[in-house]
Amino acid sequence: MPDRYDPKTIEPKWQRVWADEHTWEVSNEPDERPKSYVLEMLPYPSGEPHIGHLKTYSVGDAVAHFSRRHGHRVLHPMGYDAFGLPAENHAIKTGQHPRESTEASIREFQNQFREWGISIDWTREFGTHEPRVYRWTQWIFLRLLEHGLAYRKEAAVKWCPNDATVLANEQVIDGRCERCGHLVEVRQLEQWFFRITEYADRLLEDMRTIEWPPHVVTMQKNWIGRSEGAEVGFRCEELGIDYPVFTTRPDTLFGATFFVMAPEHPDVFRLNDSPEVHAYVNSALNESVEERGSEHTEKTGVPLGRTVTNPVTGEEIPMYVADYVLMEYGTGAIMAVPAHDERDFEFAKTFDLPIRRVIECGDPPCTGDGPMVNSGRFDGLDNREAYDQIVAWLESEGKGTSSVNYRLRDWLLSRQRYWGCPIPVVYCEEHGIVPVPDDQLPVELPEVEDYAPKGKSPLATAADWVNTTCPICGNPARREGDTMDTFVDSSWYFLRYCDPDNDQAPFDREVVDYWMPVDQYIGGVEHAILHLLYARFFVKALADMGYLGVQEPFARLFTQGMILRDGDKMSKSKGNVVSPQAVIDRYGADAARCYVLFLGPPNQDADWSEEGVGGVQRFLSRLWTAAVQAPAGDAEPEAEPTDLLRKAHWAIDKVTRDMEGRFAFNTAIAAVMELVNEIYRGAASGAPASHVRFAVATAASLVFPFAPHLGAEVYELMTGERVWEQPWPEADPALLASDEIQLVVQLNGKLVDRVPAPAEASREQLEEIARCSGKLAARLNGKQIMKAVVVPGKLVNFVVK
RNA sequence: GCCCGGGUGGCGGAAUUGGCGAUACGCGAUGGCCUCAAAAGCCAUUGUCCCUUUGCGGACAUGUGGGUUCGAGUCCCACCCCGGGUACCA
């Protein structure tokens, strides 16, 4: 036995045992144990893992181990989100096939995850770029197409001129491309969409059934953005057309003094074909998203010289075209109520339009509640009551209906890119869009010469591949040249893990119904909206088609914080990246894993500092030394309880409570540190050998989920057993409570003394004991005690004048 | 602007339902032991201030100002600062 803690010998030793014995593999045959599916978010393999991965998998692995030792059958798989832009950009630069660079990264990830000692069932591993996997991504696409949930339409799309590709709304940050930072333009293109909006209400509703951090739920709710209101028709008599508008404030209808259309509205030129209108619309459409978004205060627009009729007042009100109205939301036209809407107010001031208040709620523009005014027969009513009555009246007159709108848009999945999953349809002159038959899947990616996008997908340049025949008529046809958004891959990968080798179907329903839902999902909060929303949509859609039986993929979610360096995100450009490999080489995987958890509450961001790792390594080393130096004997404690024995039971209780749902790994590790400190004190003060050995074994057992190699080593040394085969320890309640407490004596809420008292003493006894405190008497100075507040088991507080 | 988080020692953080000296645990710092010496290790001290009692002494401390309470880091009101999400969504 070496006399120094040496992770370099311990860690490979146990990794070999776990690999040779297939320790973490689970079959799909249920047994009497309850199942538990623990999953960390699919990593994107680029270069080598970074410190954030270390944190994610350290959290996930701790949960997986904790769960196993509570008798659960744990599915804990791993795979790779292998399609995507970075590999393709690398290919454009270097000519290296994205598959090669991606698979090289995957090998690096595999090696490191093994060196970290993460307990993964490697038999279920896959990359989303493998044809045996994306075959089923395509299959799912075809099912969505069959059910009308995938469709194609021409749409104004966000276009990044630098990446030469379409971006989803969510890939546009402040009007710039999320990946390259280039200003985004608008283009009209035929694109594939998933009809996620059809599920908006269920996505909203079912959040009640899952245990997610409240702020993530809020973010998704805001993203879906459900608003209730009414659709009201405004008639343009000159053209004889009813223009519907959506409003959340039908109670302000009497205050609508003008009407505004979005520049993209198809009827703008029909209403007014003048050069000024054309000029305005053109300039609005050519503005970048950023320019248009930035003009919050300065409202622009052009009058259309037409009027519509306000359906409640019968007034003719003027029509405008203005860029503050968005075509994508509601009907692309609004009724403007300047007295009760800030934007309309700004516009009215700029164009000198009448502002008529209809609710007494303060100075215009005000959006609060109050009694109605200037609203005919509704005057004097509370505006909330008027709301319902006005909607009812509109409905009875056929002038409007109550209506719901969402901020959520359909999911644009087309990407003009090479390194993605091909969309499995062909275009035939006679039959239009024709799905590729299931038995011809996968539509494999062709080899191409040049990966650079040129306004269309690089796939479109692979003539042999693009030119095919129609599956229906056999005539020449063209393949779809776009690939899918990589969020499609990550929307179902967790289902494939359940049944990864199935070559008849993406997964077997029975198997998926056994493992799903994921009991604990772990990942970065940056995926709070998109990935999590898309995956929820896929599961609901697949469930509706009968392919699986759950409505929600992730029953519980934990979002971990980032690891920062000097308060900044780590990034290559800042040159402040900490490589997990370097830390592990120096301190060992156990120390690195413990440290990222010990840094602070794992759901919060934490600042990295190298010094701290040494402290955690010292703790592990002290545990190892305590084991090596432990006196010979049995680990089953007998004889009278000692402080050391009590401390061991205290630590069991503390670690267990910290881990159960609280994810307070930092305080759990601190508790084991306290136990180790007590072992040193106990050994010095001559605690019995059995207590020392029990305490060391307990520390090893408790630290195992965080530092599995050392935990296994020390536990074996103390007991000859394998710690992962042992149930999680249970604290003996008799050793948690002591018969005597230190009773706190307070005077007007301030502590004056602490006196020993029996734990079971009654209120009266406690008060009496406290009264006898000498220090209390000294402080009382003969003052009168007015009242005594007794908190049993804790304190007595005397109140004096 | 709106919606979430969060402000506690020199630093990361703890205090789980208002109740046992707030500051566990770790880092850093200081002193000691070991050593020819160093490293490592071990042990101890470490919120700030005050003192003709250096003491099992006192006062003050959880962003700021008020409040509720016998008692507030924890609850309420107002404000300041930091981080995240979102933004002409009618």
Side-chain angles (χ1 to χ4, degrees), chain A residues 4 174 213-219 221-223 225-227 229 245-249 252 260 292-297 299 322-326 328-337 340-344 346-347 405-409 525-526 528-529 561-562 564 567 594-595 598-601 603-616 618-619 621-622 625 654 657-658 662 664 666-674 676-677 680-681 684 741-754 757 775 786-800:
Chain A
R4 275 173 77 129
D174 291 335
H215 68 280
V216 176
V217 171
T218 305
M219 278 187 197
K221 280 186 181 160
N222 291 343
W223 191 261
R226 182 191 153 99
S227 5
V245 302
F246 174 74
T247 177
T248 53
R249 296 298 301 275
T252 64
V260 191
R292 187 161 164 182
S294 69
E295 293 173 32
H296 275 210
T297 45
K299 293 280 180 284
D323 66 2
Y324 81 94
V325 175
L326 306 178
E328 309 90 81
Y329 188 79
T331 61
I334 61 156
M335 66 176 207
V337 185
H340 304 290
D341 181 281
E342 200 167 323
R343 298 152 300 181
D344 298 342
E346 295 293 335
F347 192 86
N405 249 272
Y406 301 90
R407 208 191 82 117
L408 182 71
R409 311 281 155 75
V525 72
E526 63 273 21
I529 298 171
M562 276 185 306
L564 310 172
C594 282
Y595 182 59
F598 183 69
L599 265 174
N603 61 337
Q604 279 173 34
D605 290 350
D607 210 55
W608 178 267
S609 89
E610 180 96 11
E611 277 98 44
V613 198
V616 171
R618 193 166 308 133
F619 148 66
S621 174
R622 276 161 68 80
T625 305
K654 172 76 177 154
R657 281 185 295 119
D658 283 350
R662 210 164 85 95
N666 54 329
T667 53
I669 291 169
V672 184
M673 287 175 170
E674 285 195 56
V676 170
N677 290 344
Y680 275 67
R681 271 193 290 273
I741 57 154
Q742 289 296 308
L743 183 68
V744 169
V745 184
Q746 292 183 338
L747 189 60
N748 285 342
K750 293 212 170 188
L751 180 127
V752 293
D753 200 6
R754 265 179 116 184
K775 285 198 189 153
M786 312 292 290
K787 180 175 164 189
V789 180
V790 181
V791 181
K794 295 214 164 114
L795 58 81
V796 179
N797 183 20
F798 294 106
V799 185
V800 301

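On a predicted model such as this, the values are computed, not experimentally measured, just so you know. No hydrogens, no waters, no symmetry mates; every other heavy atom, side chains included, goes into these values.
- Residue A:Pro214 is classed as having no contact, given no heavy-atom separation below 4.0 Å to the nucleic acid.
- Side-chain contact between A:Arg249 and A:Asp341: absent, with no pair of heavy atoms (C-beta onward) separated by less than 4.5 Å.
- Across all strands, A:Asp341 comes closer than 4.0 Å to no nucleic acid atom at all (heavy-atom distances).
- Not one side-chain nitrogen or oxygen of A:Arg407 sits closer than 4.0 Å to the OP1 or OP2 atom of B:rU86.
- Across the protein-nucleic acid pair, A:Glu610 atom CD and B:rG28 atom P stand 12 Å apart, rounded to whole Å.
- Checked against B:rC42, B:rG19, B:rG12, the side chain of A:Phe598 finds its nearest nucleotide in B:rG12.
- Nucleotides B:rG66 and B:rA29, compared at atom C1', are 39 Å apart to the nearest Å.
- Look at CE on A:Met562: it is 8 Å from P on B:rG85, rounded to the nearest Å.
- Across the C1' atoms, B:rG67 and B:rA90 are found 41 Å apart, a figure rounded to whole Å.
- We find the NZ-CZ distance between A:Lys299 and A:Arg343 to be 8.0 Å, quoted to the nearest 0.5 Å.
- Remark: side-chain polar atoms of A:Asp605 are paired, donor with acceptor, to backbone N or O of A:Met562 under 3.5 angstrom.
- To the nearest angstrom, C1' of B:rC42 lies 14 Å from CZ of A:Arg4.
- Taking only side-chain nitrogens and oxygens, A:Arg622 comes nearer than 4.0 Å to OP1 or OP2 of B:rC43.
- When heavy atoms are screened at a 4.0 angstrom cut-off, A:Gly225 is found touching no nucleic acid atom at all.
- With both ends at atom C1', the span from B:rA14 to B:rC89 equals 43 Å, rounded to whole Å.
- We find that CE of A:Met673 is positioned 15 Å from P of B:rG13, with the value rounded to whole Å.
- A side-chain N or O of A:Arg622 and one of A:Asn677 form a donor-acceptor pair less than 3.5 Å apart.
- Taking NZ of A:Lys787 as the start and CG of A:Asn797 as the end, the distance is 9.0 Å to the nearest 0.5 Å.
- A distance-only check finds no donor-acceptor pair linking the side chain of A:Asn405 to the backbone of A:Ser227 [under 3.5 Å].
- Aromatic ring orientation, A:Phe347 versus A:Tyr324: tilted (interplanar angle from 30° to 60°).
- In this structure, A:Trp608 and A:Tyr595 have side chains that are in contact, with non-hydrogen atoms separated by less than 4.5 Å.
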Hey, what are the protein-to-nucleotides 72-74 of chain B N/O distances that come in under 3.5 Å?
none

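- Nearest-nucleotide mapping onto RNA chain B: of A:Leu599 and A:Gly330, the residue sitting toward the 5' end is A:Leu599.
- Relative to the side chain of A:Lys787, the nucleotides B:rA90, B:rC70, B:rC4 differ in distance, and B:rC70 lies closest.
- Remark: RNA chain B takes part in the stems B:1-7 with B:80-86, B:10-12 with B:25-27, B:28-33 with B:41-46, B:47-50 with B:57-60, B:63-67 with B:75-79, each of 3 or more antiparallel Watson-Crick or G-U pairs, criterion distances under 3.5 Å.
- Residue A:Asn677 is classed as a sugar-phosphate contact, given heavy-atom separations below 4.0 Å to backbone atoms only.
- As judged by a 4.0 angstrom heavy-atom cut-off over every strand, A:Gln746 is placed among the base-contacting residues.
- Straight-line distance from the CG atom of A:Leu795 to the P atom of B:rG21: 9 Å, rounded to whole Å.
- Per the geometry, CD1 belonging to A:Ile669 stands 18 Å off P belonging to B:rA24, to the nearest Å.
- If you take atom C1' in B:rG18 and the same atom in B:rA72, they sit 6 Å apart, rounded to whole Å.
- Residue contacts shown for A:Lys654 include a base, since a base heavy atom lies under 4.0 Å away.
- Applying the 6.0 Å contact sphere to CD of A:Glu342 captures no more than 12 heavy atoms from other residues, nucleotides or ligands.
- Across the P atoms, B:rA37 and B:rG32 are found 13 Å apart, a figure rounded to whole Å.
- In this model, the phosphate group of B:rG85 is not approached by any side-chain N or O of A:Asn222 to a distance below 4.0 Å at OP1 or OP2.
- Side-chain atoms of A:His215 lie closest to B:rC4 of the nucleotides B:rA14, B:rC89, B:rC4.
- B:rG9 shows a glycosidic angle within 90° of 0 and is accordingly assigned syn.
- Spacing of P atoms, B:rU17 relative to B:rG28, comes out at 33 Å, to the nearest Å.
- Going from atom CG of A:Asp605 over to atom C1' of B:rG84 covers 8 Å, rounded to whole Å.
- Look at the P atom in both B:rG26 and B:rG41: the space between them is 13 Å, to the nearest Å.
- Residue A:Arg618 is classed as a sugar-phosphate contact, given heavy-atom separations below 4.0 Å to backbone atoms only.
- Taking the side chain as every heavy atom from C-beta outward, A:Val790 and A:Val796 approach each other to under 4.5 Å.
- Of the candidate nucleotides B:rC88, B:rG19, B:rG85, B:rC88 has the atom lying nearest to any side-chain atom of A:Arg343.
- When the nucleotides B:rA40, B:rC25, B:rA90 are ranked by their closest atom to the side chain of A:Ala670, B:rC25 comes out on top.
- Comparing A:Ser621 and A:Ser609 by the nucleotide of RNA chain B that holds the closest heavy atom to each, the one mapping nearer the 5' end is A:Ser609.
- For A:Asp658 and B:rA15, the CG to P distance is 8 Å, given to the nearest whole Å.
- Listed candidates were B:rU86, B:rC25, B:rA90. Nearest to the side chain of A:Glu674 is B:rC25.
- Between A:Ser227 and B:rA90 there is a side-chain polar atom (N or O) within less than 4.0 angstrom of OP1 or OP2.
- The separation of B:rG47 from B:rA24, taken at their C1' atoms, amounts to 15 Å, rounded to a whole angstrom.
- Among the protein residues, A:Asp344 comes within range of no part of the nucleic acid, since none of its heavy atoms lies under 4.0 Å from any strand.
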